[in-house]
Structures are given as C-alpha cells and as structure tokens.
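Since the structure comes first, as structure tokens, the remarks are kept for the end.
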Amino acid sequence: MDLLLRGARVIDGTGEPARAADVAVTGDRITAVAAPGELTPEPGTRVVDLDGLVLAPGFIDVHTHYDAQILWDGDLTPSSWHGVTTAIMGNCGFGVAPTLPPHREIIVRTLENVEGMSMEALNAGIDWCFETFPQYLTALDARRKRLNVGAFLGHTPLRLFVLGGEERAATADELERMRELVREALAAGAIGLSTSRQPAHQGAFGRPVPSRFAEVDEVDRLAAVLGESGKGVLQVSIGPGMFVNEFSELSVRHGIPVTWTALVTRTDKPGAALRTVARGGALPGEVYPQIACRPIVMQFTLADPTTLGEIDEWKEVLSLPRAERFALYRDAGWRDRARPATLAKWAHRWPKVDVDETGAHQDAVGIPLDRLAAERGTTPFDVMLDLVLSDTATTRFRVVLENDAEDEIGDLLADKRTLLGLSDAGAHASQLCDACYSTHLLGYWVRERKALGLEDAVWRLTGQPAKAFRIAERGLIAAGYYADLVAFDPDTIGTLPIERVDDQPGGADRLIVRSTGVEHMWVNGVPTRESGADLAGAAGGRLVRS
C-alpha cells in the first residue's frame with residue numbers, strides 16, 4: 001500500500017453510522033477499509049494520523065459552471081478549498097463547446113449576461129483550441145487539474161452550432177443532426193445533456209438563449225438519445241412546458257435520471273417548495289429536484305443587471321454594450337416604460353435589496369430600497385437608478401433572490417427526495433460565491449442547527465450525487481473505489497467571510513470564500529491539501545466520463 005490513513009472516524013457516504021476504521025490506498029484506489037490496527041504498513045507506506053477528524057469521500061458538486069474557468073484555473077478555486085473533489089460543469093444548457101469560430105462572441109456574451117461572467121476574463125482566459133464537444137473533453141483531459149471534472153453537453157451551444165443562432169424551431173434535419181451530436185458527446189464521455197427554458201435566461205445582446213427557442217418535442221427527442229445510449233443525465237432549468245409532470249414522463253419514457261433547477265424557498269410562499277417535492281415524489285420515474293442550503297444572495301451592479309433580465313425593458317439594457325447602459329438609465333422615456341414592470345416584478349424583493357458597496361452614499365448602505373424610497377418620496381426603482389447615477393464609485397447592490405425561508409430549507413435538507421446542488425461555482429463570480437455550500441452545510445446545518453445528522457449530510461455530498469449522476473466508483477469509501485477523500489474537523493468546519501479579489505484574466509474581480517476545518521484532501525490518491533493548506537501544484541484530478 002502507498003498510504004495508510006489511521007485514527008479517523010470514517011463516514012463512508014452510504015448514510016450508515018460513522019465508525020472507527022483505517023483506510024489503505026494503493027495508487028489511485030482504496031484497497032482496504034478495516035478495523036483500527038488490522039492494516040500493517042509496508043516499507044514505503046506513508047502513514048497519516050487523522051485522530052479527531054472525520055474521513056469522508058471527497059465531495060461531489062453537481063451544479064457548477066467552471067466550463068470556461070477550468071481553461072485558466074486548473075485548481076478550480078474556491079471549490080477545491082471546501083472538500084470538493086469532483087465538479088460537474090455545463091449546467092443549465094450553457095458551456096463553451098461545441099462552438100465554431102464565428103459563434104465565439106455569442107457564447108462569451110451569453111455567459112456574461114446569463115451567468116454573470118466577466119467578458120474580459122472570458123476573452124483573455126479561454127483557449128479556443130477546440131470546436132466540437134469531444135475536442136473540448138480532450139482539451140480538459142490534457143490539462144492539469146486539482147479536481148476531477150465532468151461536463152454536460154449544453155443545449156445552447158449545441159443549438160448554436162447547428163442552427164447558427166436562428167431563433168426558431170429546428171427542422172427535422174437539424175434535429176437529427178443535434179441527435180447525432182448528442183450521441184457523439186455521450187460516446188466521448190459527456191455526463192449528459194443540459195437545457196434551459198427559464199424566462200430569466202437572456203443571453204447575448206439581451207436575446208433569449210438558444211435553448212429557449214426549442215420546442216418541448218425537441219428536448220424529448222434529444223433526451224431519447226440518452227435512453228438509446230444507456231447513459232447520461234438530463235438536467236433542466238425549469239420554464240414553460242417543462243415542470244414536474246414532464247420530468248416524470250421524460251424519465252419513464254426514456255429510462256433516464258432527470259434533475260431540475262431550482263427548487264427554492266420563499267418567505268412569501270411558505271410551504272410551496274415542500275408541496276412541490278410531494279407532488280413530484282408521487283409521480284413515477286427517477287427525478288431529482290435540486291435544492292440549495294444557502295440563501296441565494298447576489299451582488300449586482302447596473303452595469304450588469306442580469307438579475308433583472310426577465311423584464312422586457314431590462315432586456316433592452318442587456319442588448320447594449322455596458323458603456324451605453326447608463327445613458328438609458330438617464331432617459332426619462334425608458335424610465336417611464338420600465339418603472340411599472342420593474343416595481344411589480346420585484347414587489348416581493350424591494351425589502352430585500354440594499355446598497356452593499358458605494359463611494360458617495362455611505363448613509364444608504366444596508367437600508368432596504370423600499371424604506372429608502374419612502375424616506376425620499378420616490379420609488380425603489382428610481383432610488384436605485386439615482387444612487388447609481390450620482391455615485392463616485394461602482395454601486396453594488398445586495399439582493400436576496402430566493403431560498404430565504406430558513407426553516408423550510410431545513411425541511412428540504414431532511415427530505416431525501418431532493419438533491420443538494422446549486423452552488424453555481426464559476427458563475428456570477430463578481431456577484432456571489434456559493435461554492436462553499438459543502439462546508440456551510442456541515443458547519444451551519446449540521447453542527448449549529450442540527451437539521452440533519454453528519455452521516456446524512458456526508459451522504460448528500462457524496463453517495464447521493466454519485467448515484468444520481470451515475471459517477472462510477474466515486475462517492476463512497478469502499479475497497480475498489482477511487483481514493484477521493486477529505487478529512488475534516490467536525491467541530492470547526494465552516495466558512496470564512498466573503499472576500500473580493502482581483503485574480504481573474506484581464507484583471508477581472510470575483511468573490512471568494514475560504515474554509516475552516518478542511519484539513520486533508522486526496523484526489524485519486526494524490527494529496528492536494530495537508531494540515532489545512534493547499535499543496536502547491538497538486539494535480540490529482542481527472543476527466544470523469546459517463
């Protein structure tokens with residue numbers, strides 16, 4: 001054996017109770033799990049004492065958007081600081097492949113508008129050494145990676161590749177071509193197919209993303225390829241014509257797992273999320289609604305108002321270059337048109353929006369915009385625009401978008417019909433950072449709130465996503481499984497305060513959150529973290545193929 005891990009409390013990812021055990025690793029595999037003292041190190045075996053720590057399978061984040069970031073950041077920070085050893089990219093129908101050279105700008109602008117990525121970072125950081133999806137996977141396979149990564153084929157780049165950006169239903173020939181490309185992607189190792197029908201997903205130049213122009217039958221015909229191939233997951237961002245009934249039908253008809261986003265709580269709709277779980281759970285098929293364990297809190301600026309993109313008048317804003325958007329905010333005619341719809345659509349949110357960062361308006365920081373507007377005799381819509389236009393620096397607003405009914409989140413975490421995801425790691429980099437969801441779960445929901453037990457929480461982060469996403473030989477501590485492992489201190493694991501750093505290509509900024517209590521990590525048997533610190537240059541990660 002190459003490695004012997006001793007003294008830990010092993011939680012194996014099955015949900016079974018923790019137990020004292022030693023774990024042996026040879027090469028990239030776990031070779032034995034035995035009672036303490038039963039395993040004898042060989043000459044050259046490295047022995048690591050994990051006394052007082054929990055040893056768990058490496059965490060699996062099934063909902064990330066690292067498709068571009070991985071091309072410049074093989075460490076996939078900050079996920080790698082939070083016990084994550086496998087990240088699944090390409091969710092919600094987005095990604096960077098397949099992409100022909102004429103469509104690269106559309107892909108970049110789509111990721112900017114929908115996923116809040118910096119255009120400067122994307123233009124400076126993406127190495128367009130691929131066009132097809134298999135070529136993209138080959139590029140990922142060749143890159144140094146701290147973590148394992150798997151990738152969905154996104155419906156938006158797929159449609160752009162075949163239809164050239166035309167905003168219409170596909171012809172029979174085009175649909176057959178897309179089916180061929182899905183089949184090709186699965187053969188190359190795609191985790192599955194992802195798509196979006198979400199009305200808020202306004203892409204390049206403020207237009208609906210390509211997947212939203214697909215008829216429901218197109219999604220069905222593409223999903224059929226997964227069933228015919230005998231592998232792959234369908235991931236859907238919900239929208240018109242695609243909800244729990246349709247997910248059940250797709251799963252049963254094609255014999256595939258379906259996962260959908262996002263199941264969130266809202267204080268103004270108590271119990272709605274739980275009722276949706278019950279409704280979906282009563283239907284046949286293998287369907288996983290994805291939940292988050294953190295309130296979805298976003299910082300936004302009016303240079304990039306993606307959070308307002310579902311409102312028609314704000315689509316006009318998103319269609320303009322950023323430098324031209326502020327002129328529209330000064331235009332009285334646009335304001336008159338945009339005011340009623342914005343006030344109505346965000347009626348439930350104005351009490352949850354406040355100024356987070358500002359140069360000239362420190363007296364406004366932390367005050368909900370509805371209250372600020374009442375004090376100034378105006379509307380939240382107008383006070384938002386006026387603050388921005390009169391600021392000496394970039395005004396950043398903080399908005400609680402969804403998932404703010406905390407007790408209901410706890411109930412959803414206790415319901416095993418839901419799947420924990422929605423970290424969105426790699427997306428909205430300057431607006432939010434939920435890549436820390438795993439350490440937040442273990443620190444806040446397990447240790448502080450006691451909403452679920454430690455074994456169930458580890459299962460949610462390991463064994464359950466591995467099963468749902470068909471990630472072979474990962475997610476458990478068992479002989480023969482890959483040695484993706486994390487050792488953490490259950491008494492200290494958690495998150496540190498959010499930070500803003502300027503470390504992306506092109507000088508772009510982002511928000512990061514660091515962890516506490518994550519002491520050691522191994523990816524495919526390679527140590528990547530020791531005594532709470534990352535090992536520089538560690539590259540144990542691999543491409544995970546379906």
Side-chain angles (χ1 to χ4, degrees), residues 65 67-68 89-115 117 119 122 126 128 130-137 151-188 190-229 232 234-242 246 250 254 309-310 312 315 318-319:
H65 291 277
D67 313 73
M89 314 178 300
N91 283 274
C92 304
F94 306 120
V96 295
T99 299
L100 295 169
H103 302 147
R104 289 171 182 170
E105 182 186 9
I106 295 176
I107 289 294
V108 166
R109 288 185 177 274
T110 296
L111 293 174
E112 178 195 34
N113 274 355
V114 178
E115 296 299 343
M117 299 182 190
M119 183 179 291
L122 294 170
I126 295 177
W128 293 102
F130 53 85
E131 291 185 4
T132 69
F133 192 83
Q135 288 169 349
Y136 174 65
L137 292 188
F152 280 107
L153 170 65
H155 195 182
T156 277
L158 172 66
R159 227 171 181 269
L160 188 61
F161 194 80
V162 175
L163 275 73
E166 294 191 28
E167 299 178 342
R168 57 172 174 80
T171 67
D173 287 345
E174 288 165 341
L175 180 53
E176 191 51 43
R177 175 62 178 146
M178 283 190 280
R179 281 171 47 83
E180 291 172 3
L181 291 174
V182 173
R183 193 173 294 111
E184 175 188 75
L186 291 170
I191 292 297
L193 174 73
S194 69
T195 188
S196 171
R197 302 186 67 79
Q198 175 55 247
H201 284 167
Q202 297 295 127
F205 310 106
R207 298 298 302 158
V209 297
S211 65
R212 288 181 55 199
F213 292 100
E215 296 177 338
V216 173
D217 182 63
E218 177 178 312
V219 177
D220 179 75
R221 295 297 297 138
L222 297 179
V225 180
L226 277 62
E228 295 160 7
S229 301
L234 178 66
Q235 190 270 328
V236 184
S237 188
I238 59 175
M242 196 69 72
E246 290 77 16
L250 285 165
H254 304 301
E310 63 184 310
D312 286 343
K315 294 173 187 175
L318 292 172
S319 71

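Bear in mind the structure is a predicted one, so any value in this text is a computation, not a measurement.
With rounding to the nearest 0.5 angstrom, the CD atom of Glu166 is 11.5 Å from the CZ atom of Phe213. The CE atom of Met89 lies 15.5 Å from the CZ atom of Phe94; values are rounded to the nearest 0.5 Å. Considering CZ of Arg212 and CZ of Arg159, their distance stands at 12.0 Å, rounded to 0.5 Å. Note that NE2 of His254 and CG of Leu234 are 8.5 Å apart. Values are rounded to the nearest 0.5 Å.
Nearest heavy-atom pair, Arg109 versus Phe205, reported as atom, atom and distance to 0.1 Å: CD-CZ, 3.3 Å. Nearest heavy-atom pair, Val162 versus Met178, reported as atom, atom and distance to 0.1 Å: CG2-CG, 3.6 Å. Summarising the geometry of Val219 relative to Met242, their closest heavy-atom pair is CG1-CE, 3.7 Å, with the distance given to 0.1 Å. Considering every non-hydrogen atom in both Ser237 and His201, the closest pair reads OG-CE1, 3.5 Å. Taking each heavy atom of Pro157 and Ile107 in turn, the nearest pair found is CB-CD1, 3.9 Å. Of all the heavy atoms in Pro208 and Gln202, the pair that sits closest is N-NE2, 3.5 Å.
For the pair Glu131/Pro101, a side-chain contact is recorded, criterion being any heavy-atom separation below 4.5 Å from C-beta on. Looking at heavy atoms from C-beta onward, Phe133 lies out of side-chain contact with Leu181 at the 4.5 angstrom threshold. The side-chain heavy atoms of Arg168 and Leu163, taken from C-beta on, include a pair separated by under 4.5 Å.
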Could you go through the side chain to side chain contact (heavy atoms under 4.5 Å, CB included) check for Leu111 and Val96 one step at a time? CA-CA 9 Å; Leu111 293 174; Val96 295; 3.9 Å; yes

I'd like to know whether Arg183 forms a side chain to side chain contact (heavy atoms under 4.5 Å, CB included) with Glu228, so could you lay out the CA-CA distance, the side-chain angles of the two residues, the decisive distance to 0.1 Å, and finally the verdict. CA-CA 9 Å; Arg183 193 173 294 111; Glu228 295 160 7; 3.4 Å; yes

Check step by step if salt bridge (Lys or Arg N to Asp or Glu O under 4.0 Å) holds for Arg177 and Glu180. CA-CA 5 Å; Arg177 175 62 178 146; Glu180 291 172 3; 3.4 Å; yes

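Side chain of Tyr136 to main chain of Asp67: a donor-acceptor pair is present (N/O by atom type, distance under 3.5 Å, no hydrogens or angles). A donor-acceptor contact shorter than 3.5 Å links the side chain of Gln235 to the backbone of Cys92. The backbone N or O of Gly90 lies less than 3.5 Å from a partner atom in the side chain of Ser194, making a donor-acceptor pair. With Arg221 contributing its side chain and Arg179 its backbone, the two residues share no donor-acceptor pair below 3.5 Å. Judged by distance alone, with hydrogens and angles left aside, the side-chain atoms of Arg104 form no donor-acceptor pair with the main-chain N or O of Thr99 at under 3.5 Å. Looking at Glu115, its side chain never comes within 3.5 Å of a backbone N or O of Met117 through a donor-acceptor pair.
Between Glu246 and Arg197 no salt bridge is recorded (no basic side-chain N to carboxylate O distance below 4.0 Å).
Residue Leu222 forms a side-chain contact (heavy atoms from CB on, under 4.5 Å) with just one option from Asp217, Leu153, Leu158, and that option is Leu158.
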